[in-house]
Amino acid sequence: MSGKNALALSIGVLGAVAVLLTGAVVLVPVWVVFIAWASFFILGGGMNGLVRSVVSNLTGLVIAAITLMVSQGLGMGLVLTAVAVGTGSAAMVLVSRASLLGAIPAIVWGFASTVGTVAVTGRGVLTVSIGNPALMAAVALVLGGLFGIVSERVAQVLSAEPANRAEPSPEISG
């Protein structure tokens, strides 16, 4: 099977598994899982892509959580919230100086996923429960990276030549 077909099959099946898993077992936003999954691939895949993606996504999450804590904790209005978000946005770029965090978009995806999860759940980042949106986003971001590595490995297996495949033997003439 070609590499693209193998990856399509792998991602198609695992995409369905992700929806089932996040809808019935690990109750986190499936769209955050898919964002992190894409982040894994955009950062090159493999173990390096997994580490870079998860660390970058979680860094964005931490910056978003701090930004939202300041905004929510101080009861800021729209203008001051905009200033807090602007500061958080600048922080995302500044932390990208670290080589592991060099992919700014992956940091932004973690930030946006966190803000989106807060908006969808209607809960603040200071919520003390299993339904804390930052915790939910963190689990989904890590899960997405894991789906990335699994989908890549399954595709590699599906596209590999069988190990015991024999070469056609020439006819023996005699």
Which atom pair, heavy atoms only, marks the closest approach of Ser113 to Trp31? O-CH2, 3.8 Å
What distance do Ile35 atom CD1 and Trp109 atom CH2 have between them, rounded to the nearest 0.5 Å? 9.0 Å
Indicate the atoms forming the closest heavy-atom contact of Phe147 with Leu14, along with that distance. CE2-O, 3.5 Å
Ser10 and Ser151 have their tightest heavy-atom pair at OG-O, 2.8 Å
side-chain hydrogen bond (donor to acceptor under 3.5 Å, both in side chains): pairs with one or both residues in residues 85-96, sequence neighbours excluded: none
Give the cluster check for Leu146 versus Leu20: same hydrophobic cluster or not, with ILVMFWY residues linked at side-chain heavy-atom distances below 4.5 Å. no
Given side chains that start at C-beta, do those of Val154 and Leu158 come closer than 4.5 Å, heavy atoms only? yes
Is Leu78 linked to Val118 within one hydrophobic cluster, defined over Ile, Leu, Val, Met, Phe, Trp and Tyr using a side-chain heavy-atom separation of less than 4.5 Å? no
Rounded distance (nearest 0.5 Å) linking atom CG of Leu21 with atom CG of Leu27: 9.0 Å
Between side-chain atoms of residues 49-76 and protein atoms elsewhere (two or more places apart, or another chain), which donor-acceptor pairs fall under 3.5 Å?
residue : atom : partner : partner atom : Å
Ser53   : OG   : Ser39   : OG           : 2.8
Ser53   : OG   : Phe40   : N            : 3.3
Ser53   : OG   : Asn57   : OD1          : 3.4
Ser56   : OG   : Arg52   : O            : 2.8
Asn57   : ND2  : Ser39   : OG           : 3.3
Asn57   : ND2  : Ser53   : O            : 3.4
Asn57   : ND2  : Ala106  : O            : 2.8
Thr59   : OG1  : Val55   : O            : 2.7
Thr67   : OG1  : Ile63   : O            : 2.8
Ser71   : OG   : Thr81   : OG1          : 2.9
Gln72   : OE1  : Val125  : N            : 3.3

For the pair Asn132 and Leu126, evaluate side-chain contact (heavy atoms from CB on, under 4.5 Å) and give the outcome as yes or no after the intermediate values. CA-CA 7 Å; Asn132 176 291; Leu126 298 174; over 6 Å; no
Looking only at non-hydrogen atoms, find the nearest pair between Gly145 and Ala36 and report the distance. N-CB, 4.0 Å
Taking C-beta and beyond as the side chain, do Ile149 and Trp37 meet within less than 4.5 Å on heavy atoms? no
Val115 and Val79: same hydrophobic cluster, using ILVMFWY side-chain contacts below 4.5 Å? no
Any non-hydrogen side-chain atom of Val32 less than 4.5 Å from a side-chain atom of Thr22? no
May I have all residue pairs that pass side-chain hydrogen bond (donor to acceptor under 3.5 Å, both in side chains) and include part of residues 114-128, sequence neighbours excluded? none
Taking the side chain as C-beta and beyond, is there a heavy-atom pair between Phe111 and Ile107 under 4.5 Å? no
Is there a path of hydrophobic side-chain contacts, each under 4.5 Å between heavy atoms, that joins Met92 and Leu94? no
Heavy-atom pair with the smallest gap, counting every atom of Gly124 and Pro133: O-CD, 3.4 Å
Rounding to 0.5 Å, atoms CG (Leu9) and NZ (Lys4) come to a distance of 14.5 Å
